[in-house]
Amino acid sequence: MKSLTQVLVALFVCVPPMFAQAPAPAPSGPNGTRDPYPNPIPAEEGAIKVNYVEFAMLPDVGEQTARPMLMTYDSATRRMFVNDMHGALYSVSADGRTVTPYLDHSTAQWNLQVQFANFERGFQSFALHPQFSQRGARGYGKIYTYVDTSNQAPKPDWVPPGGRKSHHAVLLEWTAKDASAATYDGGAPRELMRWERPFVNHNGGQLGFNPLARPGGADYGLLYVGNADGGSGGDPMNLAQNLSVTFGKILRIDPLGTNSANGKYGIPRDNPFVSDNDSNTLGEIYAYGARNPQRFAWDSKTGTMYMADIGQGIVEEVTTVTKGANLGWRVWEGNYRFVTGQEVSLDTPRSDPKVTYPVVEFAQLDPLLMNSSAVTLGYVYRSNRLKQLSNLLLFGDNPSGEIFYVNVDKLPPNGGQAAIRRILFNDKGQAKTLLQVVKEKNAAQGKKPATRADLRFGEGPDGRIFILNKWDGVIREIVQ
């Protein structure tokens, strides 16, 4: 009789050996199981194999590899921008041949003291105002950045209860004099918000303007801010469900307004809790009940906003975000009631009509994954440039580098894992994961092979999709 390992190897014939591992542990815990999805994501069935090229290379920072988090495109100057958690923002030419340091938060003159001691701290995200290149407009030259800092001298706007303090995080506005200049030529940044962080983890999320909003529309020029639940595990202070704090929320603000408590930004009149009779409810909140909302994106066809929310110990989820939505945490972890860091209740899934549940989720114990998992969102891909990816919701698992998809027009009615399929890289006829590709690049670089991928997605013009990681400095483009 064949061993279990031999059987799995036979089944995973096109999968790298690192995934030929035993299935999830035997059921345990309350309600019979820790794993609500014991049937694993298929290793081969429905897998899409894509070609790729090495598009650009980010420089090392001392002996450390660059740690990119986000990549976006400015159509007016025909260049892309990508950040490194160590503090730098780079511009990248459309052909990938030129990578130019644009702005560095670590420059002494700014006195920002970027804190990047582990993989969850540092220069988290950035966004260009939609009027960034429109000379004469109020948003001309403005870039917004989200940074963890050791400089705790300024008074924070947001302090969590409990008295525990790790570091600060700041939301900054930079204003370039010439938006087309090769490097930032403006002055010191203006601080919009400052948070006191209670723990070292769950430090931020994405900044973004709705790319579908048009001048004169209600959403135009409004900045969405993903802010995690404060850290530790299990949201110990129950901040995500607390409407009097900004932790565990998607915020929506007018960065050029002044009607906030500190007078440094505006609170849109149509935000869902602006007219709430409870004076403790914050008008900045757009949606609540998030654990670690690191990535969000809009569907260009339907206008739907999707968010990837990193799970606690059981599932990773992708969900829709609507105005005023309760995304569930910490009462719910995905589709299931949260019990502890390692358990959920399977008794009554998706049973609260007031909660927005995931459109898709996957179990952390899936054999394709690693010892830890953290979902990351890509995009709803509506372009025909990469036909095999058209009309797919692209997402993945950050540590393992596994890339997944579901058909965004045929989402399962009750979420779950069954609809998820894989995207693999075609490397000289062999199907490989991102982590395997990175390890082979490390070998060519003479570096120690990576033990994880830290996947992120990047967006370019005309339906171009880029793949980022934190271990070899290479930005890869998916091609036909």
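Quick caveat, the model's predicted, so the values are computed rather than measured. Side chains are part of it too, since the values below use all heavy atoms of this structure and drop only hydrogens, waters and symmetry mates. All residue numbers refer to positions in the sequence shown, counting from 1.
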Distance only, no hydrogens: is a donor on one side chain within 3.5 Å (strictly under) of an acceptor on the other, for Asn398 and Gln294? no
Pair Asn111, Gln109: side-chain N/O donor-acceptor within cut-off below 3.5 Å: no
Answer yes or no: is there a donor N or O on one side and an acceptor on the other, between the side chain of Gln364 and the main chain of Ser372, under 3.5 Å? no
Test log, rule side-chain contact (heavy atoms from CB on, under 4.5 Å), inputs Thr145 and Asn83: CA-CA 10 Å; Thr145 64; Asn83 70 319; over 6 Å; no
Pair Asn262, Ser260: side-chain N/O donor-acceptor within cut-off below 3.5 Å: yes
Kindly say whether Asp235 contributes a backbone atom to a donor-acceptor pair with the side chain of Arg330 at under 3.5 angstrom? yes
Sole candidate of Lys264, Arg138, Lys142 that passes salt bridge (charged side-chain N to carboxylate O under 4.0 Å, His left out) when paired with Glu173: Lys142
Can you confirm whether Glu402 sits close enough to Phe362 that some side-chain heavy atom of one is under 4.5 Å from a side-chain heavy atom of the other? no
Stepwise side-chain contact (heavy atoms from CB on, under 4.5 Å) test for Ile467 and Phe425: CA-CA 11 Å; Ile467 302 297; Phe425 291 105; 4.1 Å; yes
Does the ring centre of Trp174 sit less than 6.0 Å away from the ring centre of Tyr102? no
Taking every heavy atom of Phe247 against every heavy atom of Pro198, the minimum-distance pair comes out as CE2-CD, 4.4 Å
As a test of understanding, state which of Leu327, Ile285, Val225 forms a side-chain contact (heavy atoms from CB on, under 4.5 Å) with Lys249. Ile285
Between the side chains of Arg252 and Asp270, is the shortest nitrogen-to-carboxylate-oxygen separation below 4.0 Å, so that they form an ion pair? yes
Within the distance-only criterion (no hydrogens, no angle test), does the side chain of Asn469 pair as donor or acceptor with the backbone N or O of Leu455 below 3.5 angstrom? no
Checking Arg350 side chain against Pro358 main chain: does a donor-acceptor pair fall under 3.5 Å? yes
If you look at every heavy atom in Leu103 and Trp110, which pair is closest and at what distance? CD1-NE1, 4.2 Å
Does a side-chain N-to-carboxylate-O contact under 4.0 Å join Arg78 and Asp95? no
Indicate the ring-plane relationship of His86 and Phe116, choosing parallel, tilted or perpendicular according to the 30° and 60° boundaries. perpendicular
Please verify the inter-ring angle class for Phe132 with Phe81; under 30° counts as parallel, over 60° as perpendicular, anything in between as tilted. perpendicular
Given side chains that start at C-beta, do those of Ser150 and His167 come closer than 4.5 Å, heavy atoms only? no
Parallel under 30°, tilted from 30 to 60°, perpendicular over 60°: which one fits the rings of Tyr286 and Tyr224? perpendicular
Closest non-hydrogen atoms of Ser125 and Leu70, given as atom of the first, atom of the second and distance, are OG-CD2, 3.6 Å
Residues Gln312 and Phe338: closest non-hydrogen pair is CG-CE1, 3.7 Å
Hydrogens and angles aside, do Asp229 and Trp329 bring a side-chain donor and acceptor to less than 3.5 Å of each other? yes
Among Thr319, Asp352, Asn414, which residue satisfies the side-chain contact (heavy atoms from CB on, under 4.5 Å) criterion with Tyr357? Asp352
Drop me the distance from Thr183's OG1 to Asp185's CG, to the nearest 0.5 angstrom. 7.0 Å
If you count the non-hydrogen atoms of other residues, nucleotides and ligands that lie under 6.0 Å from NZ in Lys177, is the total more than 12? no
For the residue pair Gly283 and Val274, what are the closest heavy atoms and their distance? O-CG2, 4.0 Å
Could you verify whether a donor N or O on one side chain and an acceptor N or O on the other, from Asn335 and Glu317, lie under 3.5 Å apart? no
Strictly below 4.0 Å, N to O, side chains only: are Asp299 and Arg382 in salt-bridge contact? yes
With distance as the sole test, does Asp84 use its side chain to make a donor-acceptor pair with the main-chain N or O of Arg67 at under 3.5 Å? yes
Determine whether a donor-acceptor pair (N or O, by modelled atom type, separation under 3.5 Å) exists between the side chain of Tyr381 and the backbone of Gly463. yes
Do Ile310 and Glu316 touch side chain to side chain, with heavy atoms closer than 4.5 Å? yes
Ignoring hydrogens and geometry, is there a side-chain-to-backbone donor-acceptor pair from Tyr288 to Gly328 under 3.5 Å? no
Could you tell me whether a side-chain N or O of Arg97 sits under 3.5 Å from a main-chain N or O of Ala94, the two making a donor and an acceptor? no
Using 30° and 60° as the class limits, which term best fits the ring planes of Tyr146 and Trp195: parallel, tilted or perpendicular? tilted
Scanning both residues in full, the closest heavy-atom pair of Val321 with Ala287 reads CG1-CB, 3.7 Å
Test side-chain contact (heavy atoms from CB on, under 4.5 Å) applied to Leu172 and Leu112, step by step: CA-CA 10 Å; Leu172 302 171; Leu112 291 173; 3.8 Å; yes
Please confirm whether the backbone N or O of Ala228 pairs with a side-chain atom of Asn292, one donor and one acceptor, at under 3.5 Å? no
Sub-3.5 Å donor-acceptor pair from the side chain of Glu333 to the main-chain atoms of Val344, do we have one? no
Please evaluate residues Gln124 and Met85 with respect to the criterion side-chain contact (heavy atoms from CB on, under 4.5 Å), reporting the C-alpha separation (whole Å), side-chain torsions for both, the decisive distance (0.1 Å), and the verdict. CA-CA 6 Å; Gln124 299 282 353; Met85 292 191 81; 4.0 Å; yes
Which class fits the ring pair Tyr144 and His129: parallel under 30°, tilted 30 to 60°, perpendicular over 60°? tilted
